[in-house]
Structures are given as structure tokens and as C-alpha cells.
Amino acid sequence: ENAVGRLWWFFTLPIALVLWATLPDVRRPERHTVTYAMGGFVGSIIWIGMFSFCMVDWATLVSNTLGVPVAVAGLTVLAAGTSVP
């Protein structure tokens, strides 16, 4: 592993720990049930909503700081989001 890989691991560790603590690990054999699958699905939808809200809020903050219209920043984020799946 190189320095960039370690830096990326360190940078993403907080997000990985929070997701690990809040979402069930459905890969474990004793958790191959509909209840765990639905819990993981609903939890994932909640996290996607929270991340989306934060992304919009941060884009608004940066656009206001740089003096860029919010609509332009929103379209830029939308274009980037649909181009990099």
C-alpha cells in the first residue's frame, strides 16, 4: 500500500465508522433475513438523504462565498453527479 492509499483510508475512516455503526452487515450468514435487509435498505436511504442535504447545503455555502449564483452551482453539482456514477 502506498502513501496515497493510506491517506485515502485515513480521510474516509470517519464516514466508514459511522456507516459501520449504523447499518447492519447483511453479509453475515445469521443476518440473511428480510428484516436485516429492509433495515439496511431503509438505513441506506436515510444516509443518502442526509448526504444529499449536506451536499446541497455546502454547494450553496460555497456559491454564496464565491459570488456564483446558486442555480449555476446547483446545475454544476447536478451535472457532475450524473456524469460520475
Side-chain angles (χ1 to χ4, degrees):
E1 204 172 304
N2 57 11
V4 175
R6 289 183 185 186
L7 182 65
W8 184 251
W9 178 85
F10 183 75
F11 180 72
T12 59
L13 182 63
I15 294 172
L17 287 176
V18 170
L19 292 176
W20 173 80
T22 58
L23 295 175
D25 185 6
V26 295
R27 297 174 298 179
R28 295 171 59 185
E30 66 271 9
R31 293 188 178 177
H32 284 171
T33 64
V34 174
T35 305
Y36 281 107
M38 288 302 294
F41 179 74
V42 170
S44 297
I45 295 296
I46 290 170
W47 274 113
I48 290 170
M50 291 174 61
F51 286 137
S52 299
F53 178 80
C54 290
M55 186 176 66
V56 168
D57 190 45
W58 296 332
T60 303
L61 179 70
V62 169
S63 67
N64 288 336
T65 302
L66 297 177
V68 176
V70 176
V72 173
L75 288 174
T76 303
V77 169
L78 177 67
T82 58
S83 297
V84 187

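These numbers come from the heavy atoms of this one structure, side chains and all, not from hydrogens, waters or symmetry mates.
- Using a 4.5 Å heavy-atom threshold, the side chains of Trp47 and Val18 count as touching.
- Taking all atoms of both residues into account, the shortest heavy-atom contact from Val68 to Ala73 is CG1-N, 4.4 Å.
- Across all their heavy atoms, Pro69 and Ser63 have their closest contact at O-CB, 4.3 Å.
- A distance of 8.5 Å separates CE of Met50 from OG1 of Thr22, quoted to the nearest 0.5 Å.
- The same ILVMFWY cluster, assembled from side-chain heavy atoms under 4.5 Å apart, contains both Leu66 and Val72.
- Applying the side chain to side chain donor-acceptor pair (under 3.5 Å) rule to Trp58 yields no partners; only residues at least two apart in sequence or on another chain are considered.
- Smallest separation of non-hydrogen atoms from Val26 and His32: O-CD2, 3.0 Å.
- The structure places CG of Leu61 at 7.0 Å from CG of Asp57, a figure rounded to the nearest 0.5 Å.
- Looking at Leu23 and Ser44, their side chains come closer than 4.5 Å, going by heavy atoms from C-beta outward.
- At a threshold of 4.5 Å between non-hydrogen side-chain atoms, the residues Phe51 and Ile48 do not count as touching.
- Here OH of Tyr36 is found 14.5 Å from CZ of Arg27. Values are rounded to the nearest 0.5 Å.
- Linking ILVMFWY residues whenever their side-chain heavy atoms come closer than 4.5 Å, directly or via other members, leaves Val62 and Val70 in distinct clusters.
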